[in-house]
Number of protein chains: 2
Amino acid sequence: MLKGHLDAIVLAALEGAPAHGYAIIETIKTRSAATFDLPEGTVYPALHRLEQAGLLESDWVTPPGGRRRRVYSLTKAGVGALAERRKSWGRFSQAVEAMLQGRRAWPA
Amino acid sequence: MLKGHLDAIVLAALEGAPAHGYAIIETIKTRSAATFDLPEGTVYPALHRLEQAGLLESDWVTPPGGRRRRVYSLTKAGVGALAERRKSWGRFSQAVEAMLQGRRAWPA
DNA sequence: TTCCATACCTAGCAATACTAGGTATTGGAT
DNA sequence: ATCCAATACCTAGTATTGCTAGGTATGGAA
């Protein structure tokens, strides 16, 4: 379970450069040191949701000698959303950390 | 949304000493610096789930001059589960951190 | 005596991510 | 030549989760 942070992860995976779904899955697996080995049934619907929400846009691309791929890239709104998600992750993880360590969190 | 980490948070809130539901909610709010201001409809069912799962046990207690409370404490299994949750949080947060920073996570 | 904080509870809903299926292409191994 | 693995896309349905929105009741302060 990715626990509501899937969107942030997918957006972050697209921050450097546009990519297609299958490559995004690989990137996530690599960067997370295999902690996140996401099934396609998780990622593809997420990409559709994010595009629907205007955070991503996609183009069908057929590379020479290859097969057609749907390449996603961040929209301006997507860049903003990623920044927001990063902040919200910071607050969230800090609070969980405090709980698990039995101390008070920094007052935000 | 607490994103699947509610159980860990509740267990951690009970680590120091037994407590009743309402107090647990307060503890979580305080320790998280109000980041987690959980509605009762979230916490009470979670306590029931955790008790059902054998991670908590409860007793009805009526303090002198007060009203009856249901006081929960960690079972042995609960202590173990909390340790497990802590480890799993560590892996999870490290992986998310790596994703959001665009670097590779430490190979676990 | 009225209201707020305390203290418990539940049914039903919405979101999320997963399972389990499906289609099709490319390239290497047999 | 054929088969299989990896690539590459998709969706319907399901389980879990946490929340909304309601309910009950007591104790103390205004």
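As a basis for the values below, the full set of heavy atoms in this structure was taken, side chains included, without hydrogen atoms, waters or symmetry mates. Throughout, a chain's letter reflects where its sequence line sits, starting with A, and its residues are numbered from 1. The model shown is predicted, which means the values in this text are computed figures rather than measured ones.
With sequence neighbours excluded, the residues satisfying salt bridge (Lys or Arg N to Asp or Glu O under 4.0 Å) with B:R86 are B:E15. B:E84 meets the salt bridge (Lys or Arg N to Asp or Glu O under 4.0 Å) test with B:R91; sequence neighbours excluded. When the salt bridge (Lys or Arg N to Asp or Glu O under 4.0 Å) test is applied to B:R68, no partner is found at least two apart in sequence or on another chain. Remark: A:R67 pairs with no residue by the salt bridge (Lys or Arg N to Asp or Glu O under 4.0 Å) rule, at least two apart or across chains.
Of the side-chain N and O atoms in A:Y44, one or more sit less than 4.0 angstrom from OP1 or OP2 of D:dC9.
Atom P of nucleotide D:dT20 and atom CG of B:L38 are separated by 11 Å, given to the nearest angstrom. Taking atom CD1 of B:I28 as the reference point, atom P of D:dG18 lies 11 Å away to the nearest angstrom. If you take CZ of B:F36 and C1' of D:dC19, they are 15 Å apart, rounded to a whole angstrom. The nearest whole Å value for the distance from the CG atom in B:L47 to the P atom in C:dC8 is 9 Å. If you measure from atom CD1 of B:I24 to atom C1' of C:dA7, you get 12 Å, rounded to the nearest angstrom. Regarding A:H48, its NE2 atom lies at a distance of 8 Å from the C1' atom of D:dC9, rounded to whole Å.
Under the salt bridge (charged side-chain N to carboxylate O under 4.0 Å, His left out) criterion, the residue pairs touching residues 21-35 of chain A are A:K29-A:D37, with sequence neighbours excluded. The ring pair (Phe, Tyr, Trp, His ring centres under 6.0 Å) analysis of residues 47-83 of chain A, with sequence neighbours excluded, yields no pairs. Evaluation of the side-chain hydrogen bond (donor to acceptor under 3.5 Å, both in side chains) test over residues 2-14 of chain A, restricted to residues two or more places apart or in two chains, returns A:D7-A:R85.
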Each nucleotide N or O in nucleotides 15-17 of chain C that has a protein N or O under 3.5 Å away: list the pair and distance.
{"residue": "C:dA17", "atom": "OP1", "partner": "A:G4", "partner atom": "N", "Å": "2.9"}
{"residue": "C:dA17", "atom": "OP2", "partner": "A:R49", "partner atom": "NH2", "Å": "3.1"}

Enumerate all atom pairs, one protein N or O and one N or O from nucleotides 2-7 of chain D, separated by less than 3.5 Å.
{"residue": "D:dT7", "atom": "O2", "partner": "A:R67", "partner atom": "NH1", "Å": "2.3"}

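When the nearest nucleotides of DNA chain D are assigned to A:R68 and A:P45 by heavy-atom distance, the more 5′-ward of the two goes with A:R68.
Side-chain heavy atoms closer than 4.5 Å link hydrophobic residues (I, L, V, M, F, W, Y) into clusters, and following such links, possibly through other members, connects B:V79 to A:M99.
Side-chain contact, A:E51 with A:S58: a donor N or O sits under 3.5 Å from an acceptor N or O.
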